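Source: prediction; values computed, not measured. Sequence positions, counted from 1, serve as the residue numbers for this chain.
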Amino acid sequence: MGRYTFPAFKTSANPRYVVVWGLQWQLIDRGRLEPGTDLSAAMTAVIERLHGEGWQVEGSAEYGFVFIRRDHDRRLLMLTPRDPYSTPNQAFSPFR
């Protein structure tokens with residue numbers, strides 16, 4: 001029986017985005033990653049950059065997201081296939 005691997009860091013033929021959200025889902029920062037990018041290395045590079053700016057990581061980013069904090073400010077750093085600037089509906093609606 002094979003081990004399950006979480007899909008967040010699997011190489012993709014589509015772009016991915018590294019997004020920083022406020023705790024009420026305010027978009028703070030967004031970076032586009034080209035298809036075929038080493039997603040784990042990209043996430044590590046973003047974490048290192050934020051650490052250099054004084055942010056502390058609150059855990060492991062092994063699932064493609066991690067909370068970061070600086071002083072009393074807390075944010076969510078997330079790796080996602082969805083462009084946060086995309087305007088189409090993000091959820092299914094049974095009323096359409």
Side-chain angles (χ1 to χ4, degrees):
M1 177 191 266
R3 288 183 52 97
Y4 174 77
T5 57
F6 193 75
F9 295 111
K10 287 186 180 176
T11 303
S12 173
N14 298 314
R16 293 287 187 256
Y17 300 88
V18 177
V19 182
V20 177
W21 298 100
L23 294 185
Q24 283 75 41
W25 296 107
Q26 312 94 329
L27 178 62
I28 295 171
D29 191 18
R30 165 218 180 249
R32 184 176 191 270
L33 303 174
E34 294 301 320
T37 299
D38 180 350
L39 300 175
S40 181
M43 187 73 154
T44 300
V46 171
I47 289 171
E48 289 174 0
R49 178 180 59 85
L50 291 170
H51 184 72
E53 295 174 5
W55 292 92
Q56 295 179 348
V57 178
E58 293 186 351
S60 169
E62 69 182 295
Y63 292 108
F65 70 92
V66 67
F67 284 97
I68 57 175
R69 67 179 165 81
R70 182 172 62 189
D71 299 324
H72 298 293
D73 195 7
R74 190 170 188 234
R75 298 178 178 175
L76 175 64
L77 174 64
M78 176 185 290
L79 182 65
T80 178
R82 178 119 174 110
D83 184 353
Y85 290 128
S86 180
T87 56
N89 290 336
Q90 296 185 31
F92 170 77
S93 173
F95 303 107
R96 293 185 183 206

Exercise for the section: Please assess L39 against L33 for the test side-chain contact (heavy atoms from CB on, under 4.5 Å), listing each intermediate value before the final yes or no. Expected result: CA-CA 8 Å; L39 300 175; L33 303 174; 3.8 Å; yes
Looking at every heavy atom in both [X] and [Y], which two are closest together, and how far apart are they?
X	Y	answer
P15	P35	N-CG, 3.8 Å
F9	Y63	CE1-N, 4.4 Å
I28	G22	CD1-N, 3.5 Å

Exercise for the section: Return the set of residues passing ring pair (Phe, Tyr, Trp, His ring centres under 6.0 Å) with W21 (not counting sequence neighbours), or none when no residue passes. Expected result: W25
Fill in the blank from the handout: Rounded to the nearest 0.5 Å, the OH atom of Y85 sits from the OH atom of Y17 at a distance of 11.5 Å
Could you list the donor-acceptor pairs under 3.5 angstrom formed between side-chain atoms of residues 72-81 and any protein atom two or more places apart in sequence or on another chain?
unit_1: D73; atom_1: OD2; unit_2: R75; atom_2: NE; d: 3.2
unit_1: D73; atom_1: OD2; unit_2: R75; atom_2: NH2; d: 3.0
unit_1: R74; atom_1: NE; unit_2: E58; atom_2: OE1; d: 2.9
unit_1: R74; atom_1: NE; unit_2: E58; atom_2: OE2; d: 3.3
unit_1: R74; atom_1: NH2; unit_2: E58; atom_2: OE1; d: 2.8
unit_1: T80; atom_1: OG1; unit_2: R82; atom_2: N; d: 3.1

Handout entry: Pairs meeting criterion salt bridge (Lys or Arg N to Asp or Glu O under 4.0 Å) with involvement of residues 34-44, two or more places apart
Key = R32-E34
Exercise answer: donor-acceptor pairs, residues 41-53 side-chain atoms, under 3.5 Å, sequence neighbours excluded:
unit_1: T44; atom_1: OG1; unit_2: S40; atom_2: O; d: 2.9
unit_1: R49; atom_1: NH1; unit_2: E53; atom_2: OE2; d: 3.2
unit_1: H51; atom_1: ND1; unit_2: W55; atom_2: O; d: 3.4

Exercise for the section: Kindly write out the residues that satisfy side chain to side chain contact (heavy atoms under 4.5 Å, CB included) with N14, not counting sequence neighbours, or none if the list is empty. Expected result: S12, R16
